[in-house]
Amino acid sequence: MRREFCKIISNFRVANNVYKMVIESKSISKEALPGQFLHIKPSQNYDPLLRRPISICDLDQDKGGITLLYRVCGKGTRLFAEIKPGDNLDIIGPLGKGFPIFQNKKSAIIGGGIGIAPLLILSKWLKEADIYLGYKDETYMTDEFMNYSDDVCIYTESGSRGTKGYPIEALEKNINRYDIVYACGPKQMLRAIKRLCEKNLVECYLSMEERMGCGIGACLVCACESSNNDEYKKVCIDGPVFNSKEVNLDD
Amino acid sequence: MRREFCKIISNFRVANNVYKMVIESKSISKEALPGQFLHIKPSQNYDPLLRRPISICDLDQDKGGITLLYRVCGKGTRLFAEIKPGDNLDIIGPLGKGFPIFQNKKSAIIGGGIGIAPLLILSKWLKEADIYLGYKDETYMTDEFMNYSDDVCIYTESGSRGTKGYPIEALEKNINRYDIVYACGPKQMLRAIKRLCEKNLVECYLSMEERMGCGIGACLVCACESSNNDEYKKVCIDGPVFNSKEVNLDD
Amino acid sequence: MIDMTVNIGGRRLKNPVLVSSGTFGFGKEYSNFYDFNLLGAITVKGITLKPRKGNKPPRIMETSAGILNSVGLENPGLYSFIENELPFLKKYSVPIIANISGNTIEEYSLMAKELNEHVDFIELNVSCPNVKEGGITFGTKPESVYEVTREVRKVTNIPLIVKLSPNVTDIGEMALAAENAGADCISLINTLMGMAIDIYNRKPFFNNVVAGLSGPAVKPIALRMVWQVAQKVNIPIIGMGGISNWQDAIEFMMAGADAISIGTANFYNPLAPKEVLEGIKEYMIENGINDLREIKINGGVK
Amino acid sequence: MIDMTVNIGGRRLKNPVLVSSGTFGFGKEYSNFYDFNLLGAITVKGITLKPRKGNKPPRIMETSAGILNSVGLENPGLYSFIENELPFLKKYSVPIIANISGNTIEEYSLMAKELNEHVDFIELNVSCPNVKEGGITFGTKPESVYEVTREVRKVTNIPLIVKLSPNVTDIGEMALAAENAGADCISLINTLMGMAIDIYNRKPFFNNVVAGLSGPAVKPIALRMVWQVAQKVNIPIIGMGGISNWQDAIEFMMAGADAISIGTANFYNPLAPKEVLEGIKEYMIENGINDLREIKINGGVK
Ligand SMILES: Cc1cc2nc3c(=O)[nH]c(=O)nc-3n(C[C@H](O)[C@H](O)[C@H](O)COP(=O)(O)OP(=O)(O)OC[C@H]3O[C@@H](n4cnc5c(N)ncnc54)[C@H](O)[C@@H]3O)c2cc1C
Ligand SMILES: Cc1cc2nc3c(=O)[nH]c(=O)nc-3n(C[C@H](O)[C@H](O)[C@H](O)COP(=O)(O)OP(=O)(O)OC[C@H]3O[C@@H](n4cnc5c(N)ncnc54)[C@H](O)[C@@H]3O)c2cc1C
Ligand SMILES: Cc1cc2nc3c(=O)[nH]c(=O)nc-3n(C[C@H](O)[C@H](O)[C@H](O)COP(=O)(O)O)c2cc1C
Ligand SMILES: Cc1cc2nc3c(=O)[nH]c(=O)nc-3n(C[C@H](O)[C@H](O)[C@H](O)COP(=O)(O)O)c2cc1C
Ligand code: FES
Ligand code: FES
């Protein structure tokens, strides 16, 4: 973990409100693991004030390239979208606990919307996982996933591309094929996946989101409900990736 | 006076920390007078919060071009320097009372540092004024002044360009040549010019600076000491240009 | 049909979007940007009995997402206000709130009496932190809030708004004192007492040392205070403090405000009141809200 | 020779740059960014007698130039702190300030007694606005500040810091009460009580409704309070509230702070304490200042 000013290599729109940014950091990219995130300062001034957590989407460890995929949804990400190649960003990373990698298990990766971001590098490292991606309507980064896996299934709510419907419907049918499921996406999707996997005794890892302060375990604001009722988990250092059994996703 | 989102035509560095920006607004440029200013929002977020007053430096009323000259000295101007052609700026203007124009009087224009900004368009409109420009070391915009007057004298504190010294020393020698003096620059320079002109019974107009809130006369924060001890003047609407006799520059 | 009207002390405002005292002059200036008739009401620059020159400059300093101001109640005095400033505003059909400050209860009463027939509302500023004499003491003790409100109440029959200072331990207590003394409405917050230092000259930035903080920076505090006051009183509340957009306005109304007022935002966005009003209207239409009181989180239960 | 040391209750800090309770965990995390030994002192996460789970998420919301937090004093409890957290910090030669909160005076006293031999300073948090029981009441009445300070004073012989709540009408009065009761030092400000509303779900954003505001937004208020306290007491002051850079730190010291503490800034700039320290050092050298007390604007005249 370090703090570094990283150069922006590229930053462009890949879909409506979704951008792909490549930054350069030899040292961070060398340390980084799938599922970890960067904590990025959106402004030099004090509004917006806090850093934004963004997952590592892809890594080019030789060149030191780190790919990020982000959705513009507020002040901070709006500023990210304005950054030009050659500019610098103030970054802390890599942070958090990533996905555990088991090469000899049959894995499924399932992502919804912008939640696909940390799954790309995971699918690259896992090599042989089956991939289920869900979108509202417009799809993005599907080609990249296809580079890393032969089994990429695309679902859209609107049916405009891939199969109409939700990826979890397909996962449900195939759940018995898998030893392990990795997931990232909206909370209600994670909740359904957790339930599905636990019912079928399939190991399951979820990447969670919570608002953060420090990003490194010092401020205790990123608490998420854990299965141990006596304490909260800290998304920033106990996660963002949790074994489904560690966390409680009920509202 | 109006609020408009104006397109940036160009924005580049002309000297150390000094930038020239050209923006486009047919309507504002049509209304604008020498000595008036624009009130410009530096950020979409709330830090920095307030608009920044910047003088109109030159006008191309046919094309709707407005030239600004600004020195980067804080949060807001630092953001101005990052703006790229094609971006938009949220602008209110033209604001304030400008320089009174008398074509049949012999005029001197004297500016110090970034204070030369409103004097360029003034010298263009006056046509025949003598111009005294003072800089610390690096000079800028002198060619533009020479386009509008045959009599441009350049002074630098360092002596690196033009005559070594201060423009007021030269003005002092020639003061009896003039019916009217127009000045903009640091407060102590304005103070000396006011004294010089009043002693020699030469009419004198000064462009003043004060921190602003609204820029249009509603908040009363831009007060400056006036010669009438019972009240302050408002730089934003009573000025920024004042007859030297209206204001009190003592500390 | 959506109904945006707000009832304050028996007087109807056509909508809940107001502008705050001291940030809108006597109106003239902003008339260049939009038609005043669309505003719920205009609160004019705070006035005193006698003209005041105000504080020595500098009078403003930008802080992070806020401003400190030290205007010191510069104003032409009560009689010049009535004679020279009111006629312009009367050309519009927008209610006028006169904001008054006094050094003594007698001054408050005299001003209220003189204004009674000229304006639509009187707002008692018991909280201006810029003026050393008066002001500050009234607003930080419930007994003084009570007393000044009660005395002014006696001499005026137009709706009376009491504007509270946020520089107190218990804002609810102050609001209750005003209500008990006969106020028709509470407005809050005035500026928070702040300070800045000019480190290069080793002295306070303002001649008056302390100055009033306003703008987005104070919004969370203002919202909390509106909430606390809403738990305490049954009279309408005008919420303000850092409101910049319609979302902020809706937050204040959910917290318990019946109307909201825009101050500092006028400076960086002269069209803020108009945009906020349009935003609220759209919000009501989209969410099928007919009466804004419906959105109060405690639903008027007090 | 420049001398950056600060004397607090007879104990010397090597410099005036501290880090604030609740923003620095128990230290471990930030040790990745720089050597702790360069800090004046570390204030650890607020602790209570028994472990506390803390508040239900969400616990943070960004506001304009600030944050609202609702951690609710999550901590492992006094004994686990001593056993499991202190040993790591003791590896450094940096003084440790334990920040304690109690529901009763007895709890405060018991904690202070137990900590007496383990830490270098005790800071009484009489101001945390997140906890419904206790906390809030102690810090808003001079009598309670006096009482809790006096009782804790009896059971501890290490320097005692009283950390004040800013949610009061007269901060000077609170500081004076602490001084009179035997405090060695005043620290301020804790967070300001704020609030946010989730307008899409029509409910307060935090389960606890109110939350604590900190960050650059509050700096002008914090600075004013430090100034007011400096006019009132003769014991050292630790200033905090929105400090982000060395210029802010110098402002606080000019206003009367003997040391300063960095809180929220750690989140957006983990190197803030180091940078502030370096900035102060350079400022001293450039301005020929040998002792930071020289820069206090009132020069120690109280
Ligand atoms: C571990 C982790 C990894 C993430 N990876 C990605 C990614 O790869 N791509 C991507 O687009 N988004 C990712 N997110 C979500 C992303 O952090 C938020 O969308 C972003 O912070 C929103 O910032 P904003 O300023 O645009 O929105 P605003 O609403 O203006 O943000 C206000 C505050 O809320 C916080 N916030 C808002 N939404 C979220 C959220 N969903 N999660 C956490 N904090 C939030 C912000 O960080 C900020 O502090 C990740 C979140 C976490 C916790
Ligand atoms: C009528 C008028 C015309 C001006 N014309 C020009 C111009 O053509 N070119 C140019 O470079 N500068 C001009 N200035 C000065 C310019 O407004 C300031 O340099 C600028 O506001 C500084 O903003 P900042 O954010 O970079 O600095 P900061 O120090 O971050 O600003 C903080 C606050 O102080 C205010 N402020 C700081 N310095 C000044 C100042 N000198 N005058 C007024 N407010 C100030 C800012 O507007 C802001 O509100 C003019 C000022 C006035 C009043
Ligand atoms: C420059 C300025 C002058 C003000 N003058 C007055 C005043 O005369 N009387 C008053 O009651 N409040 C005055 N206020 C306070 C505002 O009316 C308002 O209560 C406060 O600024 C908080 O709202 P805001 O954050 O939206 O500005 C003034 C505020 C500013 C910024
Ligand atoms: C997340 C968080 C947790 C905090 N926890 C405590 C605490 O346990 N005890 C305490 O006395 N203050 C606590 N504080 C207050 C800070 O120590 C500090 O007084 C306040 O944040 C103001 O300083 P700042 O603006 O630099 O953050 C906390 C602040 C934050 C942001
Ligand atoms: S964000 Fe600070 S502990 Fe997780
Ligand atoms: S800046 Fe508001 S009156 Fe001049």
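Residue numbers begin at 1 in each chain, while the letters A, B, ... track the order of the sequences.
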### Query
Of all the residues in residues 40-65 of chain B, which have a heavy atom that comes within less than 4.5 Å of a heavy atom in chain C?
B/Lys41, B/Tyr46, B/Asp47, B/Pro48, B/Leu49, B/Leu50, B/Arg51, B/Arg52
### Message
For B/Lys245, is the NZ atom crowded, meaning more than 12 foreign heavy atoms sit under 6.0 Å from it?
### Response
no
#### Entry: Neighbour count above 12 (heavy atom, 6.0 Å) for B/Lys187 NZ
yes
### Task
For B/Lys75, look at atom NZ and say whether over 12 heavy atoms of other residues, nucleotides or ligands are found less than 6.0 Å away.
yes
## Note on the structure
Expected contact set for residues 1-18 of chain B against chain C at heavy-atom separation under 4.5 Å reads B/Met1, B/Arg2, B/Arg3
### Interface moiety of C/Lys56 toward chain B, non-hydrogen atoms closer than 4.5 Å
both
### Task
Mark yes when over 12 heavy atoms from residues, nucleotides or ligands other than B/Lys84 sit less than 6.0 Å from its NZ; otherwise mark no.
yes
### Query
Do other residues, nucleotides or ligands put more than 12 heavy atoms under 6.0 Å from the CD atom of B/Glu31?
yes
### Task
Decide if atom CZ of C/Phe205 counts as having more than 12 heavy atoms of other residues, nucleotides or ligands within a radius under 6.0 Å.
yes
### Message
Out of C/Asn32, C/Thr23, C/Asn266, return the one with the most heavy atom pairs under 4.5 angstrom to chain B.
### Response
C/Asn32
## Note on the structure
Heaviest contributor of heavy-atom pairs below 4.5 Å to chain C, chosen from B/Ile216, B/Asn229, B/Ile92, is B/Ile216
### Region of C/Asn269 in contact with chain B, defined by heavy-atom distances below 4.5 Å
both
### Summary
Applying a strict 4.5 Å limit to non-hydrogen atoms, the region of C/Phe33 in contact with chain B is side chain
### Query
With sequence neighbours excluded, what pairs up with C/Asn201 under the side-chain hydrogen bond (donor to acceptor under 3.5 Å, both in side chains) test?
C/Asp198
### Message
So, taking the atom named CG in B/Leu220 and the one named CG in C/Leu73, what distance separates them when rounded to the nearest 0.5 Å?
### Response
10.0 Å
### Summary
Across all chains, not counting sequence neighbours, the side chain to side chain contact (heavy atoms under 4.5 Å, CB included) partners of B/Asp230 are B/Asn228
#### Entry: Distance in Å, C/Glu74 CD paired with B/Glu231 CD, rounded so as to fall on 0.5 Å steps
8.0 Å
### Message
I need the minimum non-hydrogen distance between B/Cys224 and C/Pro57, along with the two atoms involved.
### Response
CA-CG, 4.4 Å
### Task
Give a yes or no on whether C/Lys28 atom NZ has more than 12 heavy-atom contacts from other residues, nucleotides or ligands under 6.0 Å away.
yes
### Atom pair SG (B/Cys219) and CD1 (C/Ile60), whose distance is rounded to the nearest 0.5 Å
5.5 Å
